[in-house]
Amino acid sequence: MNTAESEYRRFIGLFLRCIFPRMSGKVEEEPKDSLTCIVCKKLLQRPKVLPCLHSLCSRCLLTILDSNKSKDKFPCPKCDEKTIIPIEGIDGFQDNVYLNGILGVQNSHTIKGKTCDICSLRKKKNAATSKCLNCGDLLCPECSASHSATRQTINHKVADLESVVKGTHDKAIRELNRIPCPSHPEEMLMVFCYDCNFLVCHECQLSYHFNHHTAAVDEADIDQRQEIATSLQFLDSKLKHLNDIEEGIHSTEATINEKEEKILKDLENSADQLIAQIQTEKGDVVQKVQEHMEKQRQICKEHVAQVKSRKDTIQESCEFSNEVAQSGKNDEVIYLEPLILNRLHNLENLPRLRDEITCQFPEVRLRNIFGNVETIRFFDFLPGSSNSVPLLPQENSDVSGAPQVSQLLMVKKVNTFTNEDETCPKISSLACTEGFFLVGDNANRKVKKFSSTGKFLETLSRSKSYSVSICEDTIICSDNFSVSFYSPGYSRKIAMDGTSSTYPTCVHENMNFAVADSSAHEVYIFDKAGDVITSIAIPRASRRTRRRNLSFICSNSKGEIIASDWGTNSVFLIGRNGKTLYEYQSKSESSRDWIPGGVCVDIHDNVFIADQQKGAVTILSPKFKVIMKHSTKKDYLERPMNIAYDSSGQVLVAGKNGIVNIYSCKYL
């Protein structure tokens with residue numbers, strides 16, 4: 001490792017230690033529950049950690065495995081999450097080295113009155129008066145003197161037993177307690193091998209890893225801590241979102257109670273004016289109202305249960321991950337990092353819970369009381385229409401309409417080039433959904449899937465696609481000749497009539513797909529099975545000398561189509577009736593130095609346009625007034641062509657050389 005790299009790692013290490021301060025060494029500060037087995041409820045003995053990050057005693061885990069010998073999975077005793085049983089059995093589960101270290105310190109507080117470990121080997125029983133913090137051996141005065149007089153142990157730290165029991169040396173015990181090497185039990189895992197991506201001892205480093213890139217654990221833990229910190233930041237925002245949903249549900253329950261109270265009060269006032277026959281009917285209607293409202297409450301309770309379950313799942317994993325990241329030693333962090341990141345990434349990709357629930361509020365009214373009083377019924381019970389009740393607080397918009405974007409803040413730069421690629425990517429399209437985004441790479445004939453943090457996940461399709469869109473579990477890809485639909489266990493390819501159009505696609509009303517055919521002057525609306533359910537006419541250009549050539553499209557919350565038109569160098573909004581509602585043309589259009597690229601909309605229907613000629617993103621209000629322009633050149637993104645808006649409020653912009661910039665939006 002050269003001097004510059006060493007200095008860089010030393011600086012990053014100091015920075016991370018400010019974020020994740022080292023442990024204080026006091027076991028009493030550790031949460032008591034974290035040291036308790038989730039099965040036997042006793043202090044953990046040789047703890048093993050499950051993929052869900054819950055820990056239990058090795059003996060308890062062995063009992064569970066013995067009772068599930070005929071199965072390939074078992075539920076976690078704490079959260080019921082299914083865990084695959086490894087072929088190696090209990091040896092296939094990782095030791096919780098972090099809790100082992102904490103328990104080792106705690107056990108050192110109870111060693112008073114023990115005998116000397118060295119004398120015990122000679123079958124003698126002499127009281128121990130000190131402890132070697134390096135070896136962990138308890139020593140009598142004679143053995144302690146000998147221990148400090150040998151070449152191998154002369155530098156070991158020997159402390160008197162009284163100070164050890166009081167906790168004076170807790171921090172030193174934690175620091176000196178290392179993970180033993182499986183191949184060389186007498187050696188500790190003190191070196192990280194970058195080529196093999198795991199910890200090794202000095203013996204392994206000099207043999208199997210002699211020519212590998214290695215580093216001491218004090219330097220190698222930097223990247224792992226940063227990865228955990230990044231995932232924790234993402235899940236922290238997810239927890240905040242779930243908290244907002246939960247608060248919204250409680251607000252909805254209050255609305256249900258208010259509605260019920262008002263209906264019953266009006267019913268009571270009407271019933272008091274009627275005869276005993278109405279009183280009987282009134283009781284029946286009251287029961288119906290209460291039963292109906294109870295069903296609405298049950299809907300809320302079920303949704304609360306879902307949100308609470310999701311919160312608990314994420315909260316527990318985040319607490320453990322954060323605890324390890326903040327208090328774990330270097331080797332512990334590195335050892336647990338793959339397991340922790342796998343868990344955190346799985347939680348990142350959990351399906352998004354819906355942000356609103358549908359409640360039905362009944363209407364109770366008096367019938368026409370004229371007629372035969374012996375057979376007349378006075379009340380109609382009407383369950384009512386479904387009303388969407390927002391679970392999240394709505395952002396305040398100013399008098400001009402939707403909240404306006406005031407700034408695009410750079411979050412991350414993602415290089416979409418993978419080890420499997422033959423050449424530099426040429427991004428033809430972007431598509432976003434919950435937790436990940438898709439990249440259409442024409443140069444390598446692929447559709448690639450990346451996590452929302454920019455990590456390459458997999459190649460979904462090996463085809464040259466000009467436009468890609470995704471709705472739930474269905475993906476649509478288009479080329480010069482056809483449109484293809486893909487979903488689990490289903491695929492369909494539909495030939496298009498013309499060959500001159502690139503057939504841009506987008507998601508329509510969060511349930512269907514829109515495909516533009518410029519040669520047919522139509523935007524076809526397909527369902528997810530690939531059947532046309534309706535179409536919207538593409539309006540003619542205002543200038544007869546120009547012909548519409550739609551290259552990119554997107555849809556707003558009203559189901560209207562926003563199109564980037566290379567035929568007229570404009571971006572325009574198509575209503576459901578096929579009429580042009582708004583149109584935007586750059587002032588530089590006459591000089592032909594402006595060609596609109598990809599388009600997308602945010603949750604407020606503000607329009608984002610990629611301007612590859614000027615290297616910028618132009619943002620329009622829902623009424624096509626320019627809000628702002630953001631230069632991507634200053635963010636080192638050249639020729640932005642594709643743009644997409646994801647569910648978490650981020651804007652993705654793709655440019656030259658297969659680079660995608662991720663921005664967050666700041667609103668006024």
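Excluded from the calculations below are hydrogen atoms, water molecules and symmetry mates; all remaining heavy atoms, backbone and side chain alike, are included. The first residue of the sequence shown is numbered 1, and numbering continues consecutively from there.
- Not counting sequence neighbours, Thr632 has no partner by the side-chain hydrogen bond (donor to acceptor under 3.5 Å, both in side chains) test.
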Check against side chain to side chain contact (heavy atoms under 4.5 Å, CB included), Gln94 and Leu336: CA-CA 8 Å; Gln94 290 191 9; Leu336 293 176; 3.8 Å; yes

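- Applying the side-chain hydrogen bond (donor to acceptor under 3.5 Å, both in side chains) test to Tyr663 and every residue at least two apart in sequence or in another chain returns Asp635, Asn661.
- You'll find the side chain of Val414 stays beyond 4.5 Å of the side chain of Ile659, heavy atoms only.
- His250 and Glu253 share a side-chain donor-acceptor pair at under 3.5 Å.
- Residues Lys240 and Asp244 are paired through a salt bridge, judged by an N-O separation under 4.0 Å between the basic side chain and the carboxylate.
- Residue Lys413 places its NZ atom among more than 12 non-hydrogen atoms of other residues, nucleotides or ligands, all under 6.0 Å distant.
- Applying the ring-ring contact (aromatic ring centres under 6.0 Å, His included) test to every pair with at least one member in residues 115-161, sequence neighbours left out, gives these pairs: His147-His156.
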Pair Leu50-Phe74, side chain to side chain contact (heavy atoms under 4.5 Å, CB included): steps then yes or no: CA-CA 11 Å; Leu50 302 180; Phe74 71 90; 4.0 Å; yes

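- Expressed to the nearest 0.5 Å, how far CZ of Phe450 lies from OG1 of Thr418 amounts to 6.5 Å.
- When all heavy atoms are compared, the tightest approach of Leu53 to Ser317 is CD1-O, 3.6 Å.
- Judged purely by atom type and a 3.5 angstrom limit, Ser58 uses its side chain to pair as donor or acceptor with the backbone of Arg46.
- Between the side chain of Ser309 and the backbone N or O of Ala305, no donor-acceptor pair lies under 3.5 Å.
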Criterion side chain to side chain contact (heavy atoms under 4.5 Å, CB included) on Thr313 and Cys79, from CA distance to verdict: CA-CA 7 Å; Thr313 298; Cys79 65; 5.6 Å; no

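- Applying the salt bridge (Lys or Arg N to Asp or Glu O under 4.0 Å) test to pairs two or more places apart or on separate chains, those with a residue in residues 307-319 are Lys78-Glu316, Glu246-Lys311, Lys308-Asp312.
- One finds no salt bridge joining Asp137 and Lys131 here, because no Lys/Arg side-chain nitrogen approaches an Asp/Glu carboxylate oxygen to under 4.0 Å.
- Other residues, nucleotides and ligands place no more than 12 heavy atoms under 6.0 Å from the CD1 atom of Ile84.
- Atom CG in Asp236 sits 9.5 Å away from atom CG in Asn322 (nearest 0.5 Å).
- Side-chain contact between His209 and Val191 is absent, with no heavy-atom pair separated by less than 4.5 Å.
- Although no hydrogens or angles enter the test, the distance criterion places no donor-acceptor pair under 3.5 Å between the side chain of Asn342 and the main chain of Pro338.
- Lys446 pairs by the side-chain hydrogen bond (donor to acceptor under 3.5 Å, both in side chains) definition with Asp421, not counting sequence neighbours.
- In this structure, CD on Glu337 lies 10.0 Å from CG on Leu344, to the nearest 0.5 angstrom.
- With a 4.5 Å cut-off on side-chain heavy atoms, Gln315 and Leu239 count as touching.
- Not counting sequence neighbours, the partners of Thr423 by the side-chain contact (heavy atoms from CB on, under 4.5 Å) test are Ala443, Asn444.
- Contact record, Asn126 with Cys119: ND2-SG, 3.3 Å, taken as the closest heavy-atom pair.
- For Ser146 (side chain) and Glu142 (main-chain N/O), a donor-acceptor pair under 3.5 Å exists by modelled atom type.
- Atom CG of Leu65 sits about 6.0 Å away from atom CD1 of Ile90, to the nearest 0.5 Å.
- With hydrogens and angles disregarded, no donor-acceptor distance shorter than 3.5 Å links the side chain of Lys123 to the backbone of Ser120.
- Arg59 pairs by the salt bridge (charged side-chain N to carboxylate O under 4.0 Å, His left out) definition with nothing, not counting sequence neighbours.
- Counting heavy atoms from C-beta outward, Asp72 and Ile85 have side chains that stay 4.5 Å or more apart.
- Across every non-hydrogen atom of Ala128 and Leu138, the tightest pair is CB-CB, 3.8 Å.
- For the atom pair Thr459 OG1 and Asp441 CG, the distance stands at 9.0 Å (nearest 0.5 Å).
- Nearest heavy-atom pair, Ala644 versus Leu430, reported as atom, atom and distance to 0.1 Å: CB-CB, 4.0 Å.
- Listed by first and then second residue, the side-chain hydrogen bond (donor to acceptor under 3.5 Å, both in side chains) pairs that reach into residues 80-91 are Glu81-Arg343, sequence neighbours excluded.
- In this view, Ser406 and Lys666, Leu668 satisfy the side-chain contact (heavy atoms from CB on, under 4.5 Å) rule, not counting sequence neighbours.
- No side-chain heavy atom of Pro47 sits less than 4.5 Å from a side-chain heavy atom of Cys37.
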Verdict with reasoning, Gln650 to Ser664, per side-chain hydrogen bond (donor to acceptor under 3.5 Å, both in side chains): CA-CA 5 Å; Gln650 297 185 140; Ser664 66; over 6 Å; no

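- Residues Gln205 and Phe210 fail the side-chain proximity criterion, which asks for heavy atoms closer than 4.5 Å.
- With sequence neighbours excluded, no residue satisfies salt bridge (charged side-chain N to carboxylate O under 4.0 Å, His left out) with Asp646.
- In this structure, the side chains of Val39 and Ile64 come closer than 4.5 Å at one or more pairs of heavy atoms.
- With sequence neighbours excluded, the residues satisfying side-chain contact (heavy atoms from CB on, under 4.5 Å) with Asp195 are Cys193, His212, His213.
- The structure places NE2 of His54 at 11.5 Å from CG of Asn96, a figure rounded to the nearest 0.5 Å.
- Lys48 approaches Phe93 most closely through the heavy-atom pair NZ-O, 3.2 Å.
- Remark: Ser647 pairs with Glu434 by the side-chain hydrogen bond (donor to acceptor under 3.5 Å, both in side chains) rule, at least two apart or across chains.
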Test side chain to side chain contact (heavy atoms under 4.5 Å, CB included) applied to Cys665 and Leu408, step by step: CA-CA 5 Å; Cys665 296; Leu408 290 184; 3.8 Å; yes

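- Residues Ile470 and Phe436 meet the side-chain proximity criterion, which asks for heavy atoms closer than 4.5 Å.
- Between Tyr194 and Phe192, the distance from one ring center to the other falls under 6.0 angstrom.
- Between the Gln326 side chain and the Glu323 main chain, no donor and acceptor come within less than 3.5 Å of each other.
- Residues His303 and Ile245 approach most closely at NE2-CG2, 4.1 Å, considering heavy atoms.
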